[in-house]
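Have a look at the structure below, then the notes.
Chain naming here is simple, since letters A, B, ... match the order of the sequence lines and numbering starts at 1 in each.
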Amino acid sequence: MSENEIKNTPEIFLKPYDPKEHEKNIYKLWEESGYFNPDNLPGEREEAFTIVMPPPNANGSLHAGHGLVFTIEDIMVRFERMRGKKALWLPGADHAGFETQVVYEKKLQKEGRSRFGMDPKELYDEIMDFTLSNKSFMENQVRELGASCDWSRQKFTLDDDVIEIVYNTFKQLEEDELLYRGARIVNWCPKHQTSLSNLEVNYYERKDPFYYFQYGPFVIGTARPETKFGDKYVVMHPDDKRYSEYEHGQKIELEWINGPITATVIKDEAGDPEIGSGVMTITPWHSNIDFEIAKRHNLDYEQVIDWRGKLLPIAGEFAGMNITEAREAIVKKLDEKGLLVKIEENYEHSVPCCYKCDKEIEPQIREQWFVKMKPLAEKAVTALDAGEFKFITDRDERVFRDWMNKIDDWNISRQIVWGIPIPAKVCGSCGHGMVDLKDTIKKCTKCNGAVSPDPDTFDTWFSSGQWPLATTGFPDGKDFDTYYPTSVMETGKDIIFFWVSRMIMLGLYRTGKVPFRKVYLHGMVRDKHGQKMSKSKGNVIAPSEVQERFGTDALRMGLMVNNAPGSDMNLDVDKVNAYKKFANKLWNISRFTLDNLAGYDPQTKLTDTDTQNIKTHLTTAITEITDHMNKDRFDIAAERIYHFVWDYFASTLIEESKSLLNSEDVSVKASRQKLLAEYLTTSLKLLHPFMPFVTETIWQELPKELKDQDILMVAKWPDE
RNA sequence: GACCGAUUAGCUCAGCUGGUAGAGCGCUACAUUGACAUUGUAGAGGUCACAAGUUCAAGUCUUGUAUCGGUCACCA
């Protein structure tokens, strides 16, 4: 009989729970079991559950936000795995184009080097080495967080098959006429010397002088005198009565910065009579609105500022000057010529800046590849309307819809080396761009002119926007059939536009199906006072340090409890400490239970009291917790389990059992043993998705009679 | 400028479809070496931002006000 099976309580329990002692071994146990790979999971499993991991940037170590991502996703996957699904969590790493190049440029700078002037190939190889070494370092950290992802399916955004999918999408976009190469105003960062998408620009409120100049018979206002060299069009609203004497197209001779010029009057509704004098001159090469006006009236364009942010020869004596130093000099000259009317100080406006270096963006006209987004966005909205996917919070859905409704064409060209090269040829004479996957185009298909390869790379989000396809082996991999559309996309709400929206649009475009059924967006992790973590503030909480002090399970609980989906959370290490104590509590609960199991008989019948106890306490706990899990309220579920285990199991049930375990009545004692064992195994299961290490460590020490699987990770979720 | 969110215990935050306020940390007192490098018990502390409204009943719904955040747009 089993009496012999239940030996003394394992010695391991004589010491408090020490995470460091067990975590590595437990992860190894899981990894070697093969159960991270859904193909190896025990039992018949019909339904797939898939999460594609947001691939962390392979250019640094993990931060607290990563801790949250991997915890939430691991909870989801472990839960579904225990519920008998084919649970796949597909890990990856992101080369993170511009982000990584910026990190690497800082490194170069420290070494007294610069990417400008370097051989592009050499630079690429260096960044590749850097990225690959970071990648393996980072993967280790993912393991330490307990992530139960299938490493055998791991993907890197520069894998050949990923690139192939990206190239085919590029080609198909061309065939479907959703792609064009054209001269458009782009956001140009003079420091990084690349264009950026609208999303990569931050605006800062600033107070600057605002200048009024005499421009022939008009007074014009500007905050940017340095762009005014090429201004030979003067624009006003057609209905502005003050200027009704001037006609559209009328030529006016006037004195300007570097001598007399001929200006042309343009009547356009973009001229706002309310602002300044109601008259403006335009600089189509360096302003979006001006560019639009110029296009409407078929006006000339001229570049005034070069790619490094210096004035071109058109500026005459000012050529070669930096725009900031040029500004004063130009105002001075105009003043000397008697053309400065007045200066208004403290003009409030917002200035676009590079999101990486905070340097001012210089709008420029440049030939770039653009994707027409409207048709793609419409399909995404239709799919949302049809319920093919949903956002966990209504708030996120509204944010998504708003953006979809006013989406701009997407500039996918970047002038950086670190990324996927754009497979295209550009005509030297007419500027026509042609997608060329196999390097077969030798002459311009439009004008027969000579062509050269496009030196640019893709915006990194263009490739990661196809991540769910790439990871599941679109178009013909078997994983694609089984796991696409994936179940959940869980990522930070800060990349809803950058990434989530693009995956939806590109996924629908390539496959006709949404890439995921559900979007769960978490908020940002801040410090305990709600401050954004930053190195300069010195308030960065590195997950590895917290794990070191309190254990991974404690960190995971600290990140989950009281953290409502979608809202930002403040992480306080004191809170994490509370869950370290909780892990130890569970440890001692297990010790007590095992201490009292001598003579345990699985065949024992529960007394009526104990049967009733299960119904009123255990079953309701299971039901409620499962319910919260199903609603993605892991924060509430975690708290419910915590109180169930501590307040009920430990404080109430164990306390009242102490006397019953000494009962003269054998059936009462045996029933209690069974009851406690039942509570213990169930608690371990309920808690496992949240605190996988301590629960698995305990599970490994339990006698066989109590277990339905050798490994808790694949044990069956308790029945309600 | 447009939109969105937040305002609940000293601190950081939960509170789902409305029914006399909860967690962690901190604080006070007492008990305890017991499964528990502790834990247990008891307690202090909140007119749930403000105002009006709906309701038998409002942190919870509606409207408005204030303060703080966020997102998007925009350099005449």
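In the set B:rU39, B:rC3, B:rA76, B:rA76 carries the atom at the smallest distance from any side-chain atom of A:T222. Considering only side-chain atoms of A:D272, the nucleotide from B:rA35, B:rA76, B:rG24 that sits closest is B:rA76. Here B:rA14 is the nucleotide among B:rC4, B:rA14, B:rA35 with the atom lying nearest to any side-chain atom of A:R633. Distance from the side chain of A:K581 is smallest to B:rU39 among B:rG24, B:rU39, B:rG40.
Between A:E11 and A:R591, no side-chain nitrogen of the basic residue sits less than 4.0 Å from a carboxylate oxygen of the acidic one, so the salt-bridge criterion is not met.
Checked options A:V645, A:V561, A:D553, A:V694; the residue passing with A:F582 is A:V645 (criterion: side-chain contact (heavy atoms from CB on, under 4.5 Å)).
By the 6.0 Å contact criterion, NZ on A:K390 is open, its count of non-hydrogen atoms from other residues, nucleotides or ligands being 12 or less. Taking a 6.0 Å sphere around CD of A:E328, one finds it holds 12 or fewer heavy atoms contributed by other residues, nucleotides or ligands. Atom CD of A:E701 is surrounded by more than 12 heavy atoms from other residues, nucleotides or ligands within 6.0 Å. The local environment of NZ in A:K310 is crowded, with over 12 non-hydrogen atoms from other residues, nucleotides or ligands closer than 6.0 Å.
Rounded to the nearest 0.5 Å, atoms CD1 (A:I641) and CH2 (A:W646) are 15.0 Å apart. We find the CE-OG1 distance between A:M503 and A:T491 to be 7.0 Å, quoted to the nearest 0.5 Å.
Taking the six-membered ring where tryptophan is involved, the planes of A:Y215 and A:W256 are perpendicular, since the angle between them exceeds 60° and thus also 30°. Using a 30° and 60° split on the angle between ring planes, A:F644 and A:Y679 fall in the parallel class, below 30°.
Applying the 4.0 Å criterion to OP1 and OP2 of B:rG40, one finds that A:S651 has a side-chain N or O inside that range. Close to B:rA14, at under 4.0 Å from its OP1 or OP2, lies no side-chain N or O of A:R640.
Judged by closest nucleotide on RNA chain B, A:H628 is the one of A:H628 and A:H643 placed further toward the 5' end.
Rounded to whole Å, atom C1' of B:rG26 lies 13 Å from atom CG of A:N577. Residue A:L676 contributes atom CG, which lies 11 Å from atom C1' of B:rA35 at whole-angstrom precision. Distance CD (A:E639) to C1' (B:rA14): 6 Å, rounded to an integer number of Å. Taking atom CG of A:D627 as the reference point, atom P of B:rC16 lies 14 Å away to the nearest angstrom. As rounded to whole Å, 17 Å separates atom P of B:rA76 from atom NE2 of A:H237.
Counting any heavy atom pair closer than 4.0 Å across all strands shown, A:G271 reaches a base atom. A:K585 comes within 4.0 angstrom of a base, heavy atoms only. Here A:A270 lies in heavy-atom contact (under 4.0 Å) with a base.
Rounded to a whole angstrom, the distance from the P atom of B:rG22 to that of B:rG45 is 15 Å. Comparing the same atom, P, in B:rA49 and in B:rG59 gives a spacing of 10 Å after rounding to whole Å. If you take atom C1' in B:rU41 and the same atom in B:rC4, they sit 46 Å apart, rounded to whole Å.
One donor-acceptor pair, N or O on each side, does fall under 3.5 Å between the base of B:rA35 and the side chain of A:E655.
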Check: Pairs counted as Watson-Crick or G-U wobble with both distances under 3.5 Å: what dot-bracket string results for RNA chain B, using | for bases tied to another strand?
Finding: (((((((..((((........)))).(((((.......))))).....(((((.......))))))))))))....
Using a cut-off of under 3.5 Å, enumerate the N/O to N/O pairs linking the protein to nucleotides 70-75 of chain B.
from   : atom 1 : to     : atom 2 : distance (Å)
B:rC72 : O2'    : A:K406 : NZ     : 2.9
B:rC74 : O2     : A:S350 : OG     : 3.3
B:rC74 : N3     : A:S350 : OG     : 2.3
B:rC74 : N4     : A:S350 : OG     : 3.2
B:rC75 : O2     : A:H349 : ND1    : 3.3
B:rC75 : N4     : A:I361 : O      : 3.4

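In this structure, B:rG69 shows a glycosidic angle more than 90 degrees from zero, which is the anti conformation.
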